[in-house]
K.L.:
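Once you've had a glance at the structure underneath, I'll fire off some questions.
Here the structure is a predicted model, which is why all the values come from computation and not from measurement.
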Amino acid sequence: MSGITIALSKGRIFEETLPLLAAAGIVPAEDPEKSRKLIIGTNRADVRVVIVRASDVPTYVQYGAADLGIAGKDVLLEHGGVGLYQPLDLNIAKCRMCVAAPAGFDYAAAVRRGARLRIATKYIAVAREHFAAKGVHVDLIKLYGSMELAPLAGLAEAIVDLVSSGSTLKANNLVEVEQIMSISSRLVVNQAALKVKRDLLQPVIAAIEGAIR
Ligand code: ATP
Ligand code: MG
């Protein structure tokens, strides 16, 4: 496909991405929250946006179905980043990855005892690495959503999840017991496209870089 295809997800990333695209002279023709279209044109005839699930963005870019994409560091770590060039931290959709447990659970004591903990998470790769580095024995339980429910329902002792304000944890009587890393969204570029379509892509990347400084 000639021209540029950009993979974006709906929600907070899309909203925070709009000003960055505008700085590169790219304005989507429709709001994906209102439209059911999955391919959205822009003010530029040679630029289109594809709307995908947040965790699918790296896959579209890896295989060249999109030239550019914007994805959270959380998603990129789980994907592994194969075939992706990651030139820019966009400093948007900021939050942190943390371990959270019910308010009454003494996580630190359980770790000291060497207890084997059940950890429910969508972020298996990050969680595995985190607990391995600490030497904590865990059984990782893969979930696809609402991690907060797992400790309340007795599925796990703790969760690994993203937190920004902390209000969802609080509403479910969970507390953050460990911070794992800061998360923000990154620009990802297909490595082959960067060579073949350099004349088209480089100005867009440079304009986005200018807009985040
Ligand atoms: P879906 O909602 O379709 O299951 P998702 O949960 O991965 O997918 P979003 O909730 O839109 O999608 O999150 C997209 C990205 O936004 C995440 O990958 C992460 O980088 C970032 N993010 C998620 N939760 C938060 C949060 N609480 N605060 C700030 N950024 C967040
Ligand atoms: Mg979500």
K.L.:
Please walk me through it: do T5 and R48 pass side-chain hydrogen bond (donor to acceptor under 3.5 Å, both in side chains)?
P.N.:
CA-CA 5 Å; T5 300; R48 63 178 191 166; 3.0 Å; yes
K.L.:
Please identify each residue that fulfils salt bridge (charged side-chain N to carboxylate O under 4.0 Å, His left out) with R128, with sequence neighbours left out.
P.N.:
none
K.L.:
State the CD-CG distance between E209 and L20, to the nearest 0.5 angstrom.
P.N.:
12.0 Å
K.L.:
Going by atom types alone, do D89 and S184 pair a side-chain donor with an acceptor below 3.5 Å?
P.N.:
yes
K.L.:
Do L174 and I159 make a side-chain contact, defined as non-hydrogen atoms from C-beta onward lying under 4.5 Å apart?
P.N.:
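Yes, side chains in contact.
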K.L.:
Between K37 and E30, does a salt bridge (Lys or Arg N to Asp or Glu O under 4.0 Å) hold up when you go through it step by step?
P.N.:
CA-CA 9 Å; K37 278 192 190 169; E30 280 175 80; 3.2 Å; yes
K.L.:
Might you point out which heavy atoms bring E157 and A101 nearest each other, and give the distance in Å?
P.N.:
O-CB, 3.9 Å
K.L.:
Does a side-chain heavy-atom distance below 4.5 Å link L140 with I119?
P.N.:
yes
K.L.:
So which heavy atom on G69 is nearest to which on V57, and how close?
P.N.:
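Scanning both residues completely, I find the closest heavy atoms to be CA-CG1, 4.0 Å.
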K.L.:
Within a 6.0 Å radius of atom OH on Y123, are there more than 12 heavy atoms belonging to other residues, nucleotides or ligands?
P.N.:
yes
K.L.:
If only atom types and distance count, is the side chain of N172 paired as donor or acceptor with the main-chain N or O of L149 below 3.5 Å?
P.N.:
no
K.L.:
Taking only residues two or more places apart in sequence, or in another chain, which ones meet E129 in a salt bridge (charged side-chain N to carboxylate O under 4.0 Å, His left out)?
P.N.:
none
K.L.:
Please determine which of V75, V52, V188 meets the side chain to side chain contact (heavy atoms under 4.5 Å, CB included) test together with P58.
P.N.:
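The passing option is V75.
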K.L.:
Mark yes when over 12 heavy atoms from residues, nucleotides or ligands other than K195 sit less than 6.0 Å from its NZ; otherwise mark no.
P.N.:
no
K.L.:
Counting only N and O atoms by type, is there a donor-acceptor contact under 3.5 Å from the side chain of N190 to the main-chain atoms of A192?
P.N.:
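Yes; at least one donor-acceptor contact below 3.5 Å.
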K.L.:
Is E78 paired with K122 through a side-chain N to carboxylate O contact shorter than 4.0 Å?
P.N.:
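No, K122 and E78 are not salt-bridged.
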K.L.:
Any carboxylate oxygen within less than 4.0 angstrom of a Lys/Arg side-chain nitrogen, looking at R96 and E176?
P.N.:
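Salt bridge flag = yes for E176 with R96.
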K.L.:
Are any non-hydrogen side-chain atoms of M181 and L77 less than 4.5 angstrom apart?
P.N.:
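Of all side-chain heavy-atom pairs linking L77 with M181, at least one is under 4.5 Å.
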K.L.:
Could you tell me whether a side-chain N or O of S35 sits under 3.5 Å from a main-chain N or O of D31, the two making a donor and an acceptor?
P.N.:
no
K.L.:
So does R53 have more than 12 non-hydrogen atoms from other groups sitting under 6.0 Å from CZ?
P.N.:
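Incorrect, the count does not exceed 12.
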